[in-house]
Amino acid sequence: MSASSSTQQTLWIRQPLACSDPAASGGIVVMGNKIIEQVAAGQQPTQQVDTVFDASQHVLLPGLVNTHHHFYQTLTRAYTAALNKPLFPWLTTLYDVWAGLDDEQLRVASELAMVELLMSGCTTIADHHYVFSGALQHAIDSQVEAARLVGVRAALTRGSMSVGRDEGGLPPQSVVQDEQTILDDSARLIKQYHQPGNGAMVTVALAPCSPFSVSQALMRASAQLAQAQQVRLHTHLAETEAETAYCERLFGMRPLDYLDDCGWLGKQTWLAHGIHFNDSEIRRLGTAGTGVAHCPSSNMVLGSGLCRTIELEAAGAPVGLAVDGSASNDHSNLAQEMRQALLLGRLRYSPDQVTHEAVIRWATQGSARCLGRTDIGGLKPGQQADLALFGLDGLRFSGAENPLAALLLCGADHADHVMVAGQWRVRSGQPEGIDLAALRSRHEAAARRLWGHIRH
């Protein structure tokens, strides 16, 4: 293996064992932060090559793209008081714990979640952070710092909650902010960190948490600010039937009608979960180009239901894949989430609809579309040099005839090598510049300190 130290030298990822893009069966050529050539099977590059990576024992995929997460929730995995509960009781139990979150805890939680994702082959991470306690003042700023340290692309969202329990919402008042504070900080973060255009390493979107934790006025104001600043919108929607009943009781309309009434229905928006849409709503989403982040493990843990991925994609709605929060999924592994999406999808659809190729597409191209990007999620010339190389030398892969299908069917859980923007960020399974034992120790201490605030 050889990786160039000069960003303008060329690197040929040569003759992979298998590749998700048939046009790149002979590999790809990288120069700087971009892919400049696809090589057909058995062929040589037309470009001059400076260095070569022998990929003959690896499956080559575009870097996976995660579309929804809550990094802070890595601090409350398998939390006893929240076990075996559906969404609303699960949330109300954990909100009281999360209300004690501080900057130090969020920083290490974000770093750990990003490293987990990166090691699973994920090169672009999205996070939805909406808990702003009195002790947590610089949440998104610290996440930007963590992303730069780990070396991943980050689609960060400025989440918000403005309706607490006193007004009939779910969160405690201690994590509710006034709407002007939310909008002012949103505008600051966009100005300070958002990078428009191809190759962006950090983007900022606006993300009121859900219909049951923010006001209609904030939903509308967020849409207006996003339009003025040309950034995207994100929220949870149609996750449970209880949410549908809540919207009908409070607003006199179903969740998608409410979203549309607030000015959100369009290609600038992607939604987490999107489970309980009817046929006409799916057609509306497709016509609008609104994306849906499919979160299979979380949906199963909370018993929320099954996203209608095939119908959504057929209607024209981008469908991406996501691990969701680590307190409802309990891991941040997008490679494992692909297998989960394959198996769960086949409970509703036929095997020839939810194929391994379809799920890989959701985790790459579909996820990129949810984030409004065409420069990532593929291996085409001109796209960013984000890629993941998976080895098949573990016992679980022995006897596998189709290497690409084996990643999902046999349960790949980590990438051997990961490149982001032309730079190796994982080599031989280890993230560059990250002391995993020290990170685990810091994270465990932060988690115990967070639990302690509620137990005393």
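No experiment lies behind these values; they were computed from the predicted model shown.
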* Asked: Counting distance only, does the side-chain N/O of Gln195 pair as donor-acceptor with the main-chain N or O of Met201 below 3.5 Å?
  -> yes

* Under the 3.5 angstrom rule, does the side chain of His331 hit a backbone N or O of Val323 as a donor-acceptor pair? -> no

* Using atom types as modelled and distance alone, determine if a side-chain donor or acceptor of Thr290 lies under 3.5 Å from a backbone N or O of Lys267. => no

* **Ser215 and Glu179: side chain donor to acceptor below 3.5 Å** => yes

* Is Thr123 close to Met419 at the side-chain level, that is, under 4.5 Å between some pair of heavy atoms? -> no

* Is a side-chain donor-acceptor pair under 3.5 Å present for Arg153 with Gln384? -> yes

* To do: Determine, for Phe277 and Arg284, whether the Lys NZ or Arg CZ falls below 6.0 Å from the six-membered ring centre while staying within 45 degrees of the axis.
  => no

* Asked: Which of parallel (below 30°), tilted (30 to 60°) and perpendicular (above 60°) describes His236 and His273?
  -> parallel

* Asked: Where the side chain of Asp324 meets the backbone of Ser298, is there a donor-acceptor pair that is under 3.5 Å apart?
  -> no

* Should the pair His70 and His68 be assigned to parallel (<30°), tilted (30 to 60°) or perpendicular (>60°) ring geometry? -> perpendicular

* Asked: For the side chain of Ser367 and the backbone of Leu321, is there at least one donor-acceptor N/O pair under 3.5 Å apart?
  -> yes

* Asked: Quick one: are Leu404 and His356 in side-chain contact, heavy atoms under 4.5 Å?
  -> yes

* **Any donor-acceptor N/O pair, Asp103 side chain to His138 backbone, under 3.5 Å** => yes

* Asked: Can you name the ring-ring contact (aromatic ring centres under 6.0 Å, His included) partners of Trp270, sequence neighbours left out?
  -> His234

* Can you tell me if Asp141 and Tyr193 form a side-chain donor-acceptor pair at under 3.5 Å? -> yes

* Do we see a donor-acceptor contact under 3.5 Å between the side chains of Asp261 and Gln216? -> yes

* Ser213 (side chain) donor-acceptor with Val163 (main chain) under 3.5 angstrom -> no

* With side chains defined as the heavy atoms from C-beta onward, is the minimum distance between Ile125 and Leu156 less than 4.5 Å? -> yes

* Asked: Among side-chain atoms of Arg188 and Gln192, is any donor-acceptor pair under 3.5 angstrom?
  -> yes

* Asked: Do Gln365 side-chain atoms and Gly377 backbone N/O form a donor-acceptor pair below 3.5 Å?
  -> no

* **Spacing of CG belonging to Leu206 relative to OG belonging to Ser222, to within rounding of 0.5 Å** => 5.5 Å

* **Side-chain touch Asn66/Leu64, heavy atoms, less than 4.5 angstrom** => no

* Asked: Any side-chain heavy-atom pair from Trp424 and Phe53 closer than 4.5 angstrom?
  -> yes

* **Side chain proximity check, Glu239 to Leu302, heavy atoms < 4.5 angstrom** => yes

* Asked: Hey, does Leu118 have a side-chain heavy atom less than 4.5 Å from the side chain of Val420?
  -> yes

* Asked: Pairs in or reaching into residues 286-309: which pass salt bridge (charged side-chain N to carboxylate O under 4.0 Å, His left out), with residues at least two apart or in two chains?
  -> Asp279-Arg308, Arg308-Glu311

* For Ser350 and Gln353, test the side chains for any donor-to-acceptor distance below 3.5 angstrom and give the result as yes or no. => yes

* Is the backbone N or O of Ser297 less than 3.5 Å from a side-chain atom of Glu337, with the two atoms forming a donor-acceptor pair by type? -> yes

* **Heavy atoms from other residues, nucleotides or ligands near CD of Gln57 exceed 12 (cutoff 6.0 Å)** => no

* Give a yes or no on whether the backbone of Thr374 and the side-chain of Gln383 come within a donor-acceptor separation of less than 3.5 Å. => yes

* Asked: Hey, is CD on Gln227 packed in by over 12 heavy atoms from elsewhere, all under 6.0 Å?
  -> no

* Structure fact -> The reported gap from CG in Leu60 to OG in Ser20 (rounded to nearest 0.5 angstrom) is 6.5 Å

* Asked: Do Arg77 and Thr74 pass the side chain to side chain contact (heavy atoms under 4.5 Å, CB included) test, and can you show the C-alpha distance, the side-chain angles, and the key distance before you say yes or no?
  -> CA-CA 6 Å; Arg77 304 193 221 241; Thr74 61; 3.9 Å; yes

* To do: Check whether any side-chain heavy atom of Gln336 lies under 4.5 Å from a side-chain heavy atom of Ser120, and answer yes or no.
  => no

* To do: Start with the C-alpha gap between Thr240 and Ile275, add the side-chain angles, then the distance that decides, and say whether side chain to side chain contact (heavy atoms under 4.5 Å, CB included) holds.
  => CA-CA 7 Å; Thr240 66; Ile275 297 168; over 6 Å; no

* **Lys85 atom NZ, over 12 foreign heavy atoms within 6.0 Å** => yes

* **NE2 on His414 to CZ on Phe390, rounded to 0.5 Å** => 9.0 Å

* Asked: Salt bridge or not for Asp21 and Lys380, using N-O below 4.0 Å?
  -> yes

